[in-house]
Amino acid sequence: MSAEAVGLTLYFVQIATLGAIYAVIALGLNVNWGFSGLMNAGIAGFVAIGAYTSAILTAPNGAGQLGAFGWPLWAAWLAAMGAAGVLALVMGTITVNLRSDYLAIATLGIAEILRLIVRNEDWLTGGPLGVTPLARPFESYGNPWAPVLFLLLLLAIVAVVYWLAERAIRSPWGRVQRALRENEAAAAAMGKDVRNFRLQSFVLGATFMGLGGAMLAHFSKYMSPDVVDPLTTTFLVWVMLIAGGSGNNRGAIIGAFLIWGIWAATDFLTAYLPSDVATRAAYLRLFLIGLALQIILIRRPEGLIGERPPRPADGR
Amino acid sequence: MSGLEFVNFYLIPGLVLGCIYAISAVGLSLLFGILRFANFAHGDMMSWGGYSALVAVTFLGIGPWASIPVAIVSTVALGLLVQRLFYGRLKGANSVVLLISGFGVALMIRAILYFLFGPTEVTYGLGIQRPFVWEGFRIQWRHMYFIGTAVAIVTALHLFLTRTRTGKAMRAMSDNPDLARITGIPTDRVVTVAWVIGASLTAVAGVFLAIDTQLSPLMGFNLLLPTFAAAILGGIGKPYGAIVGGLVIGLAEEMSSLPLIDGQPLLTPAYKTGVAFAILVAVLIVRPTGIFRSPQ
Amino acid sequence: MPLLDVRQVRGGYGESDILKGVDLAVEPGEIVVIIGPNGAGKSTLMKAVFGLVPLRFGIVAVDGEDITNAKPETHVRRGLSYVPQERNVFPSLTVQENLEMGAFARRDDWSAAMARVFEIFPPLAEKRGALAGSLSGGQRQMVAMGRALMQEPKLLMLDEPTAGLSPKFMDLIFDRVVAINRSGTAILMVEQNARQALAIAHRGYVLAMGQNRFTDTGRGILENPQVAEMFLGG
């Protein structure tokens with residue numbers, strides 16, 4: 001392979017790797033929103049807590065922050081899921097039964113508070129400098145094999161998470177979630193503990209987001225506040241799920257790769273523009289993605305592939 | 001710390017911040033009562049108001065105070081456009097879908113602001129003004145204008161809601177939109193009026209904040225959390241509660257840095273935003289309907 | 001020509017029809033009562049007449065003009081007033097403000113209408129400054145009916161006006177319905193208290209499973225042994 005071909009391959013591998021990370025996060029949101037109708041506006045917060053948990057547990061003691069725990073990667077990733085889950089459990093206990101506006105603003109608030117902590121608690125997170133360096137598995141294989149193997153690992157994780165999510169939605173538990181979303185009163189009348197079921201869904205979704213965050217940290221090989229831009233992350237994942245088809249796990253994955261592909265491709269194009277124009281073009285892209293979301297919501301709310309079994313008509 | 005220091009450095013700034021929060025939260029709450037969902041783009045519409053005033057200051061050569069009407073017109077136009085193009089078309093959809101739509105609108109507005117003005121912070125160039133000083137008591141003139149405007153707005157809104165036909169219809173629709181329709185209240189028109197008032201308040205809050213601090217595309221978004229906290233504290237959908245909620249949050253944020261223990265602030269200023277969040281969480285735990293009892 | 005003429009209406013909320021071809025007519029000045037078992041479609045019929053439930057088939061006409069599926073505002077302008085069974089007042093508005101809202105669609109002077117409402121429901125005059133949300137169930141029903149009367153409708157539509165009220169208030173409401181009717185307003189009423197309602201009705205309709213079962217004068221239905229056995233509890 002020529003150097004150029006290798007470069008191009010690596011570029012696509014990188015896009016696919018981030019696509020896989022977003023797919024895991026989008027599957028998490030699908031559990032929250034697609035299964036149970038929970039409006040989680042703090043995706044970035046759950047991603048960040050997963051990312052920092054794994055970063056701190058695996059990093060050598062770096063620039064003065066907590067570290068040198070020397071955890072193996074797999075254990076750190078499980079811990080990342082656990083940390084996101086615990087955060088969701090605490091916040092969910094308070095908010096999961098409130099109206100969706102409150103859940104949304106509360107989750108948005110968590111993301112904000114986490115951002116403040118990350119920026120200000122240098123002893124824990126390294127502050128603006130972040131936690132560095134982080135190990136990415138397979139690095140010893142060199143280019144192009146290391147990134148390819150890492151991508152394959154992440155794709156395998158996507159498959160496992162997908163399998164878990166599918167099992168969950170097809171189980172009696174998943175049917176209760178759908179019933180709750182469609183008609184809370186009826187489900188409550190069936191004797192289902194509404195709050196507990198919602199909380200379970202909230203926590204399960206958050207653990208997936210935490211895992212996605214851990215994957216992101218080790219892909220970037222360092223973790224700092226800039227790695228997770230709170231709004232773009234949360235917003236992009238929402239667009240991914242809605243474009244792909246909320247309620248449908250396959251839709252979540254397709255949406256993640258598709259939207260990330262478009263996002264990254266426009267990056268690729270703007271790279272050829274003069275730098276000041278390129279910065280502006282990036283904002284234009286944000287605007288267009290926002291517009292696309294509006295058009296999907298109005299014209300095709302079920303997304304590319306809708307949920308099956310189909311939702312009954314809006315119960316009014 | 002002397003009593004005067006407390007007043008000058010904590011009470012007055014707290015009141016000033018509280019007034020800005022209150023104006024913003026009243027707008028949010030009023031619109032919530034009519035639209036039945038929380039407009040997530042509220043913060044970014046505030047930034048929009050701030051930048052509209054900046055355009056007027058730059059191109060018309062008028063002062064920031066005089067440019068408030070320009071900001072109002074521009075923000076109202078934006079609100080009506082968003083209602084027409086996006087929210088209005090999702091009528092009948094699940095209210096969570098509207099939240100998501102609002103989230104998208106917020107990012108779109110922010111993208112426009114970044115595109116046009118870039119990420120750097122700017123000011124209206126008011127320069128430094130001598131504060132009003134009396135017997136050791138100090139207050140900035142602009143802060144007096146803020147407080148005065150807030151009082152005027154609250155009074156005007158109260159008169160509008162209790163004395164005018166449209167104002168009463170607005171309260172009626174906020175109580176029960178279905179009954180309002182049955183009664184023959186033209187609900188579409190009430191929605192328009194609500195946007196005009198809500199967006200005007202948003203614009204005023206945005207310009208005030210920009211006068212007091214700095215204008216940046218993220219300015220309004222940073223106010224979203226305290227605004228929501230204020231609105232929810234006062235009972236969302238209740239404009240009067242939002243006034244109290246705004247003052248409480250503003251005062252609490254400023255008081256959070258009081259050096260009560262060993263001359264150390266209670267809370268590092270970096271975590272000021274956290275105060276609003278803590279209050280929000282406390283309200284959600286204790287009394288999610290807000291601190292005021294509602295009839296029925 | 002009937003004031004309200006409903007022909008063969010079919011429709012409901014979702015996929016399945018609740019109304020399966022219902023006829024109904026109200027002549028000017030009449031009291032018409034609809035009775036029937038739970039789930040017969042009585043309330044749905046009222047809502048459908050007022051444009052709150054979509055109709056797939058059939059015609060709703062007022063004074064001979066087709067207003068099928070028109071917006072509720074249209075009905076108000078045509079002289080129809082509707083009092084739903086529940087949540088029928090604005091709780092955070094005062095009694096007086098509730099009444100004012102009833103006149104929202106009017107551009108003329110409505111002070112006479114308000115005086116008339118206070119005449120029909122004297123307790124409201126005393127409570128005019130009180131928040132409607134603070135009132136008892138019976139008083140709320142008066143506010144709701146008063147609100148509907150503010151536009152001086154040709155037809156007043158009441159959905160179970162006595163539901164949940166004490167016997168004392170029940171009698172009072174029936175008495176007021178008759179009084180309102182005497183001043184020329186036609187009344188269309190859904191009622192659970194079938195006997196009492198039929199006793200004041202000019203005509204009655206018995207609905208079951210979304211269809212007409214019997215139509216007769218109020219007295220005729222009361223005395224119909226079949227109706228008595230099936231719907232009036234013996």
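Just so it is clear, the model here is predicted, and its values are computed rather than measured. Note on naming: letters A, B, ... go to the chains in the order of the sequence lines (proteins, then strands), and numbering restarts at 1 for each one.
Remark: R36(B) CZ is packed, more than 12 non-hydrogen atoms of other residues, nucleotides or ligands lying under 6.0 Å away.
Between F37(B) and R99(A) the shortest side-chain heavy-atom distance does not fall below 4.5 Å. Contact annotation: the side chain of V281(B) approaches that of I94(A) to within less than 4.5 Å [non-hydrogen atoms, C-beta and beyond].
Minimum interatomic distance between D101(A) and F32(B) (heavy atoms only, all atoms of both residues): OD2-CE1, 3.7 Å. F103(B) approaches W238(A) most closely through the heavy-atom pair CE2-CD1, 4.0 Å. Looking at every heavy atom in both residues, L99(B) comes nearest to A104(A) through CD1-CB, 4.1 Å. What you find for S100(A) and V96(B) is that their closest heavy atoms are OG-CG2, 3.4 Å. L293(A) and G104(B) make their closest contact through CD2-CA, 3.9 Å (heavy atoms, listed as atom of the first residue, atom of the second, distance). The two residues L280(B) and I105(A) have their closest heavy-atom pair at CD2-CG2, 4.2 Å.
The structure places CG of N97(A) at 12.5 Å from CG of L284(B), a figure rounded to the nearest 0.5 Å. Rounded to the nearest 0.5 Å, atoms CZ (F277(B)) and CG (L116(A)) are 10.5 Å apart.
The parts of L291(A) that come within reach of chain B are both its backbone and its side chain, each placing non-hydrogen atoms under 4.5 angstrom from that chain. Proximity to chain B is absent for every atom of L288(A), based on heavy atoms less than 4.5 angstrom apart. Residue L98(B): no heavy atom, backbone or side chain, is found under 4.5 Å from chain A. Heavy atoms closer than 4.5 Å to chain B are found in both the backbone and the side chain of I117(A).
Options I295(A), I110(A), V239(A) differ in how many heavy-atom pairs under 4.5 Å they form with chain B, and the most are formed by I110(A). When the candidates E121(A), R119(A), R285(A) are compared by the number of heavy-atom contacts under 4.5 Å with chain B, E121(A) comes out ahead.
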Margin query: Using side chain to side chain contact (heavy atoms under 4.5 Å, CB included), reason through L108(A) and F221(B) one step at a time and then give a plain yes or no.
Written below: CA-CA 11 Å; L108(A) 191 78; F221(B) 174 74; 4.2 Å; yes
Next item on the list: Apply the test side chain to side chain contact (heavy atoms under 4.5 Å, CB included) to residues F86(B) and L297(A): give CA-CA distance (whole Å), side-chain angles for both, the deciding distance (0.1 Å), then the verdict.
Entry: CA-CA 9 Å; F86(B) 307 128; L297(A) 283 178; over 6 Å; no
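Side-chain atoms of Q294(A) and S101(B) include a donor-acceptor pair closer than 3.5 Å.
Residues of residues 107-119 of chain B that come closer than 4.5 Å to chain A, counting heavy atoms only, are L107(B), M108(B), R110(B), A111(B), I112(B), Y114(B), F115(B), L116(B), P119(B), ordered by residue number.
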